[in-house]
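The next block holds one structure in the form of structure tokens; read it before the comments.
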Amino acid sequence: MHRRIIAPGALAAASLMLAIPASAASFSPGAPGIGDPYYPAYGNGGYDVSHYDLRLQYQPTTDELAGTATILAKTTQDLSSFDLDFLLDVSEVRVNGAAASFTTSGQHELVVTPKTPLAKGTVITVVVRYSGVPSTKSAYGFSTWHRTPDGAIAADEPESAWWWYPSNDHPLDKATYDVSVAVPNGTQVISNGLLQSTSSQRGWTRYNWRENKPQATYLTTLAVGKFDITTSTSEGGVPVVNAYSKDLGDNDGAARASVERTGELVDWLSGYFGPYPFSSAGGYVPNTTTGYALETQTRVYYSPRQFANGSNTSVVVHELAHQWYGDSVSLKGWKDIWINEGFARYAQWLWSEHEGEGTTQELADYVYASHPADDAFWTVKPGDPGPDDQFALAVYDRGALAIQTLRNAVGDDAFFAILKGWPKEHAYGNASVADFQAFAERVSGQSLSALFDTWLFQPTKPGAPAAGSASITRSAPLVQPKSWKKIATTNDVHEGAH
């Protein structure tokens with residue numbers, strides 16, 4: 001699901017710099033990318049967003065979306081202009097109430113030039129009025145806007161915001177959200193957080209959703225359609241909101257039998273990861289032909305295909321684990337994807353052990369033994385896999401294997417202290433693999449550089465000495481744990497979106 005994007009050309013930036021009046025020579029354009037080497041054009045420099053207020057109207061029959069985005073931010077440099085990541089048609093932009101000029105650059109950049117340059121540290125309010133038909137827009141040859149028989153959904157990784165709201169589209173710039181969407185009566189809107197209110201007039205119903213904790217742009221979601229919505233509260237006190245398309249067909253029962261266990265599984269995961277970090281939990285299953293699931297914050301997106309072979313609590317565990325590992329604690333750069341996917345996969349291993357279908361050690365031994373040394377599986381480095389292998393199987397399975405070797409090295413007391421302490425240490429922030437190693441060393445009191453290098457950063461299969469010292473069985477019969485097929489059905493959770 002990754003994209004390799006070439007940074008916008010330097011000529012556009014140069015032309016903007018030439019346009020700056022001499023009196024504003026100290027001001028310069030914000031960078032058209034936030035600086036992530038995997039995706040050089042994603043995100044933007046020069047400002048930090050604190051809140052998005054999206055007030056939209058959507059017509060499912062024509063796929064027409066119109067609205068106003070109000071973005072609250074603070075400048076981080078002296079700015080002459082700045083970029084937003086966006087694809088729809090813009091009619092007006094205002095910065096602190098004054099009309100701003102704007103143009104497009106590259107394939108997904110909206111370049112905004114405020115009436116007067118902005119000094120570093122200025123609090124700004126950016127208002128963008130826009131409209132368009134999202135399904136007609138594409139960038140770099142793909143779209144993340146998925147039409148359904150009764151509406152549409154936005155859910156993808158590492159990008160999906162461009163098709164429905166302007167943003168600083170990188171996990172480094174997290175913000176809170178108010179998402180208000182009007183749709184024709186009889187149609188519903190699902191988004192992140194908690195539904196604050198609804199109101200109806202003149203044939204339209206407006207749904208007002210709020211996510212009050214910092215959220216990465218790729219973790220926002222919008223679903224418009226006709227749903228059966230269930231609400232409950234987990235035994236631990238977490239509100240749960242789930243939604244199911246009314247035309248899931250044969251997958252309906254299995255989807256509900258899986259996703260309706262969200263509250264139970266949130267409470268179970270809290271025993272390993274600490275208190276649930278958000279105001280609500282839940283998931284939704286729209287009628288789409290996609291094959292992946294995504295940990296959209298508080299409201300997980302599931303494809304019907306996840307439940308084609310019956311109930312699948314393993315995928316629910318995977319996506320809910322992300323609420324701690326990936327959502328509350330987000331990656332600093334996309335190279336740090338192991339912290340998201342390795343730990344979500346390891347949560348599935350813990351669930352396997354809980355269900356009596358294979359211990360985490362048995363699963364680790366199986367992964368190690370089932371991939372011979374010449375398997376390309378070992379050429380992927382989970383600690384920095386590269387954009388082309390960001391969602392490769394090795395990031396998940398080799399990534400979880402590395403976590404088991406960490407557990408064996410530091411012992412259960414330290415390991416589970418690390419597992420629970422990490423989300424608390426970096427709650428609602430960003431962190432890297434290097435940060436995690438430093439945290440694990442501090443908690444365990446051990447030097448772990450050799451272990452991390454061997455299991456996360458070497459493009460080869462760790463040999464017998466390394467496996468032996470990590471308590472990984474090398475020569476036992478290749479016995480497939482009972483849970484393996486269930487876990488394997490989630491191998492494509494983040495693949496095949498486009």
Side-chain angles (χ1 to χ4, degrees), residues 174 192-194 211-216 219 230-242 257-284 293-302 311-331 339-357 359-360 363 400 403-404 406-407 410 412-431 436 439-440 443 483 486-487 490 493:
K174 299 164 75 169
N192 310 86
L194 284 170
E211 175 47 63
N212 65 351
K213 298 297 184 185
Q215 176 173 272
L219 297 173
T230 67
T231 60
S232 61
T233 302
S234 79
E235 193 173 18
V238 178
V240 178
V241 181
N242 296 322
S258 308
V259 180
E260 284 301 300
R261 296 184 68 179
T262 292
E264 169 201 349
L265 296 174
V266 162
D267 289 348
W268 179 77
L269 285 165
S270 296
Y272 289 102
F273 300 151
Y276 183 72
F278 302 117
S279 62
S280 71
Y284 72 97
L294 184 64
E295 63 271 19
T296 38
Q297 190 162 307
T298 73
R299 195 103 322 107
V300 174
Y301 166 75
Y302 300 99
S311 63
N312 189 343
T313 54
S314 189
V315 72
V316 178
V317 167
H318 182 104
E319 301 305 335
L320 291 178
H322 276 307
Q323 304 304 306
W324 288 265
Y325 281 79
D327 293 13
S328 176
V329 185
S330 300
L331 41 72
I339 297 179
N340 294 23
E341 301 305 343
F343 285 86
R345 174 66 97 222
Y346 195 77
Q348 293 177 272
W349 289 15
L350 289 168
W351 181 245
S352 167
E353 189 165 280
H354 173 77
E355 294 289 275
E357 296 183 341
T359 67
T360 59
L363 286 157
I403 295 168
Q404 182 65 30
L406 172 65
R407 178 178 177 178
V410 302
D412 276 5
D413 287 348
F415 176 76
F416 288 112
I418 293 166
L419 211 58
K420 187 173 288 187
W422 174 256
K424 182 179 180 180
E425 178 93 353
H426 295 282
Y428 312 118
N430 300 77
F436 183 85
F439 180 76
V443 173
S483 63
K486 295 178 183 178
I487 293 171
T490 68
V493 287

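Here the shortest heavy-atom pairing between A321 and L269 reads N-CD1, 3.7 Å. The minimum heavy-atom distance linking P239 with G237 is given by the pair CD-O, 3.4 Å. Summarising the geometry of V315 relative to A293, their closest heavy-atom pair is CG2-CB, 4.2 Å, with the distance given to 0.1 Å. Closest of all the heavy-atom pairs between D267 and S234 is OD1-OG, 3.0 Å. For the pair P423 and V329, the tightest heavy-atom approach, listed with the atom from each and the gap, is CA-CG2, 3.7 Å. Across all their heavy atoms, S314 and T490 have their closest contact at C-CG2, 4.4 Å.
Tested against Y325 for a ring-ring contact (aromatic ring centres under 6.0 Å, His included), the candidates F273, F436, Y346 yield a single pass: F273.
Taking the side chain as every heavy atom from C-beta outward, I339 and L331 never approach each other to under 4.5 Å. In this structure, the side chains of F278 and V238 stay at 4.5 Å or more apart for every pair of heavy atoms. Put simply, the side chain of N192 does not reach to within 4.5 Å of the side chain of D327, judged on heavy atoms. Residues R345 and H318 meet the side-chain proximity criterion, which asks for heavy atoms closer than 4.5 Å. Residues W351 and I487 are not in side-chain contact: their nearest non-hydrogen atoms beyond the backbone lie 4.5 Å or more apart. Considering only heavy atoms from C-beta on, V316 stays 4.5 Å or farther from R261 through its side chain.
Residues Y284 and Y302 place their aromatic rings such that the two centres sit no closer than 6.0 Å. Proximity of the aromatic rings of W324 and Y276 is defined here by a centroid distance below 6.0 angstrom, and this criterion is met.
Put simply, the side chain of Y272 never gets that close to the backbone of A347: no donor and acceptor are under 3.5 Å apart. With hydrogens and angles disregarded, a donor-acceptor distance shorter than 3.5 Å links the side chain of R299 to the backbone of G193. A donor-acceptor pair is defined here as one N or O able to donate and one able to accept, closer than 3.5 Å; no such pair exists between the side chain of K174 and the backbone of K213. Between the side chain of N242 and the backbone N or O of G283, at least one donor-acceptor pair lies under 3.5 Å. No donor-acceptor pair under 3.5 Å is formed between the side chain of S352 and the backbone N or O of T359. Of the possible polar contacts, one joining the T296 side chain to the Y301 backbone as a donor-acceptor pair under 3.5 Å is found.
The environment of D412 atom CG is dense: over 12 non-hydrogen atoms of other residues, nucleotides or ligands sit within 6.0 angstrom.
Using modelled atom types and a 3.5 Å distance limit, the side chains of H322 and Q297 yield no donor-acceptor pair.
Legend: salt bridge (charged side-chain N to carboxylate O under 4.0 Å, His left out) pairs involving residues 346-357, not counting sequence neighbours, sorted by first then second residue: E357-K486.
Distance check: S270 OG to K420 NZ gives 9.0 Å after rounding to the nearest 0.5 Å. Q348 CD to T313 OG1: the interatomic distance, rounded to the nearest 0.5 Å, is 9.5 Å. The distance from atom CD1 of I403 to atom CG of L419, rounded to the nearest 0.5 Å, is 8.0 Å. Considering CG of L219 and OG1 of T298, their distance stands at 9.5 Å, rounded to 0.5 Å. In this structure, NE2 on H426 lies 10.5 Å from OG on S328, to the nearest 0.5 angstrom.
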Would you check, one step at a time, whether the test side chain to side chain contact (heavy atoms under 4.5 Å, CB included) holds for E264 with E235? CA-CA 7 Å; E264 169 201 349; E235 193 173 18; over 6 Å; no
